[in-house]
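Below is one structure; the comments refer to it alone.
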Amino acid sequence: MELSYITVSPLGVPQQVIAVNGKFPGPVINVTTNYNVVVNVKNKLDEDLLITWSGIQMRRSSWQDGVLGTNCPIPPKWNWTYQFQVKDQIGSFFYFPSLNMQRASGGFGSFIVTNRKIIALPFNTPDGDIVIMIGDWYTRNHTALRKALDNGKELGMPDGVLINGKGPYRYNNTLVPDGIEHETIHVDPGKTYRIRVHNVGVSTCLNFRIQNHNLLLAETEGYYTSQQNYTSMDIHVGQSYSFLVTMDQNASSDYYIVASARFVNESLWQRVTGVAVLHYSNSKGPVAGPLPDPPNDAFDTSYSLNQAMSIRQNVSASGARPNPQGSFHYGSINVTDVYVLKSLPPTMINGKLRATYNGISFVNPDTPIKLADVFKVKGAYKLDFPSKPLDRPPTLDRSVINATYKGFIEIILQNNDTVLQTFHLDGYSFFVVGMGYGEWTENNRGSYNRWDAISRSTVQVFAGGWTAVFVSLDNVGVWNLRTENLDRWYLGQETYMRIINPEDSGNKTELPVPDNALYCGALSRMQKPQKITSSSNLLVCSKVFVVLFVMFSTMMSGLR
């Protein structure tokens, strides 16, 4: 996997984007449950790089997570090999660069984990698999966006919404200039497709819909859902969904695929609309006319909140293992710890604009937390992150959560910011048990869904509201908790959860430091210079490795 800069014009303006293997967006990575995945990442950018695999749990191996709290960055012109197992997971995920707003310039692609053949799908096998990546987009690249935030400015309204890296179909001659390339999805009449949609954008919730077609929700971020039809779905930054869509229309013309901004002034944001074309093989003509209407509640989040809480887990379906997903009765487990994470609008700390959880704006340690533990580096971080907001001025800190292995925790996300946010937890999925408005109180626990709440890794928190999740802490490591809104994340709205097993003396619950670990900070002296491999040699090595890897995976599949 080679990340480099290329020039494209998705909104009609030439700009520098981050390509993966020369493609924008990057290629789809397809693997099967329990496969061992090996990805060699070559950094051809002019700055440090890390790739994170959003929603992949990295069981026993936070070393591979690809965020600064657990990994030293890959310097320019270096390459580094990720090695991990997609242990007991299925579903739709995506990868992206985790440093310094780089995702705002690209570098992302879909990561799909398919079922083993012995595990039946909870629906008929689709006739095809389609990936759609949506996201708000700026014609300024990530370095310019970063500079704006560093200067205390907001990013402002995006310049548009991309669908699979392309601008909108010219549905309106005034709003959409001529000459913009749009995405076309080709389908056959009567067939049913699994359409996987990822919101890889910067900070905007998007409403996704396909003209005249129902979206039968089937899976979100690795868990099968009870199958319900939706005419449209609000998909928040960092979230992924699978829909089953049957091509049951008469194809008198093509149809619109739309991703439009939510909870904003729609008259001002009309240009920020992504439009692609669904083309039947027997279509009688091009699509025309007005776009299908979005939900009629631009500033009322009640429809969207109710939609979110209507997403339920399919507790009778098997997931990655041959047993019902709902056999884990999370609602009857005693909670061992409660954390309230409150976010506020960005504020000035030491003369810089910063964002916070519980009044703490996180500063990434010079020596990653995992390495600091193994090599006993003192002062790299502190285990004193408060479990609730404290009455004190906001501060910069390297404070992380000292969590308990095998604990069962409740996290309340209290969003007192002015914008809708999404929350993500690495290393885990969590049960989304409740959402509401105003300040969360203990009385809100009475409204929790304790039976079939969806399990996922990224959840929305409406402005002026709260979201509650349950997490079973069975995965040892250091795991990032963050907002997926790139501006707030860049400004420090994140922390880490450190989970150790004091009884593990033989690496049974956590793998040791990988042989190819990079070293930085207080351990920089341990880093050996990397021999730069020529492109031709790297290509030969990659081809040999792929052949060996496929042979190994096939052999292992036969043993299971």
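Note: hydrogens, waters and symmetry copies are ignored here, and every other heavy atom, side chains too, is used.
- Using modelled atom types, one finds a donor on one side chain and an acceptor on the other under 3.5 Å when comparing T32 with T114.
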### side-chain hydrogen bond (donor to acceptor under 3.5 Å, both in side chains) between T220 and R456, worked out
CA-CA 7 Å; T220 176; R456 62 188 313 168; 3.0 Å; yes
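- Remark: P389 engages V340, K342, N358 in a side-chain contact (heavy atoms from CB on, under 4.5 Å) (not counting sequence neighbours).
- Residues satisfying the side-chain contact (heavy atoms from CB on, under 4.5 Å) criterion with P502, sequence neighbours excluded, are absent altogether.
- More than 12 non-hydrogen atoms from other residues, nucleotides or ligands lie less than 6.0 angstrom from CG of N507.
- Counting heavy atoms from C-beta on, the side chains of R450 and V433 never come closer than 4.5 Å.
- A ring-centre distance under 6.0 Å is found for F96 and F94.
- Residues passing the side chain to side chain donor-acceptor pair (under 3.5 Å) test with D129, sequence neighbours excluded: R196.
- With a 4.5 Å cut-off on side-chain heavy atoms, P75 and Q527 do not count as touching.
- Every residue meeting the side chain to side chain donor-acceptor pair (under 3.5 Å) condition with R103, not counting sequence neighbours, appears here in chain and number order: E484.
- Between I411 and V471, the closest side-chain pair of non-hydrogen atoms falls below 4.5 Å.
- Sorted by first and then second residue, the pairs that involve residues 400-416 and meet side chain to side chain donor-acceptor pair (under 3.5 Å), not counting sequence neighbours, are S343-N415, E410-R445, E410-Y448, Q414-N416, N416-E439.
- Remark: the S304 side chain and the D234 side chain contain an N/O donor-acceptor pair separated by less than 3.5 Å.
- Checked against F470 for a ring-ring contact (aromatic ring centres under 6.0 Å, His included), the options Y428, F408, F430 give a single hit: F408.
- Between the side chains of S242 and S92, at least one donor-acceptor pair of N or O atoms lies under 3.5 Å.
- At a threshold of 4.5 Å between non-hydrogen side-chain atoms, the residues I349 and T395 do not count as touching.
- Using a 4.5 Å cut-off on side-chain heavy atoms (C-beta onward), N485 and T422 make contact.
- With 3.5 Å as the limit, one finds a donor-acceptor pair spanning the side chains of W489 and E494.
- Contact of the N199 side chain with the F208 side chain is not registered, since no non-hydrogen atoms from C-beta on lie closer than 4.5 Å.
- One side chain, T81 or N40, offers a donor N or O that lies under 3.5 Å from an acceptor on the other.
- Residue pairs meeting the side chain to side chain donor-acceptor pair (under 3.5 Å) criterion with at least one member in residues 380-389, sequence neighbours excluded: D373-Y381, Y381-R498, K382-D397, D384-S399.
- Residues meeting the side chain to side chain donor-acceptor pair (under 3.5 Å) test with Y339, sequence neighbours left out: none.
- Remark: D417 pairs with Q421, R488 by the side chain to side chain donor-acceptor pair (under 3.5 Å) rule, at least two apart or across chains.
- When side chains are defined from C-beta on, V400 does not count as touching F385, because their heavy atoms never get closer than 4.5 Å.
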### Task
Go through H424 and D426 one step at a time and tell me if the side-chain hydrogen bond (donor to acceptor under 3.5 Å, both in side chains) criterion holds.
CA-CA 7 Å; H424 178 85; D426 283 354; 2.7 Å; yes
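- For R59, the side-chain contact (heavy atoms from CB on, under 4.5 Å) partners two or more places apart in sequence, or in a different chain, are Q57, K87, D474, N475.
- In this view, T441 and N443, N444 satisfy the side-chain contact (heavy atoms from CB on, under 4.5 Å) rule, not counting sequence neighbours.
- Applying the side chain to side chain donor-acceptor pair (under 3.5 Å) test to residues at least two apart or on different chains, the pairs with a partner in residues 510-524 are K370-E510.
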### Query
Do R146 and E47 pass the salt bridge (charged side-chain N to carboxylate O under 4.0 Å, His left out) test, and can you show the C-alpha distance, the side-chain angles, and the key distance before you say yes or no?
CA-CA 13 Å; R146 219 162 57 200; E47 57 186 14; 3.2 Å; yes
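- Within the 4.5 Å cutoff, the side chain of V38 has no heavy atoms near those of the Y82 side chain.
- Residue pairs meeting the disulfide bond (SG atoms under 2.5 Å apart) criterion with at least one member in residues 370-399: none, sequence neighbours excluded.
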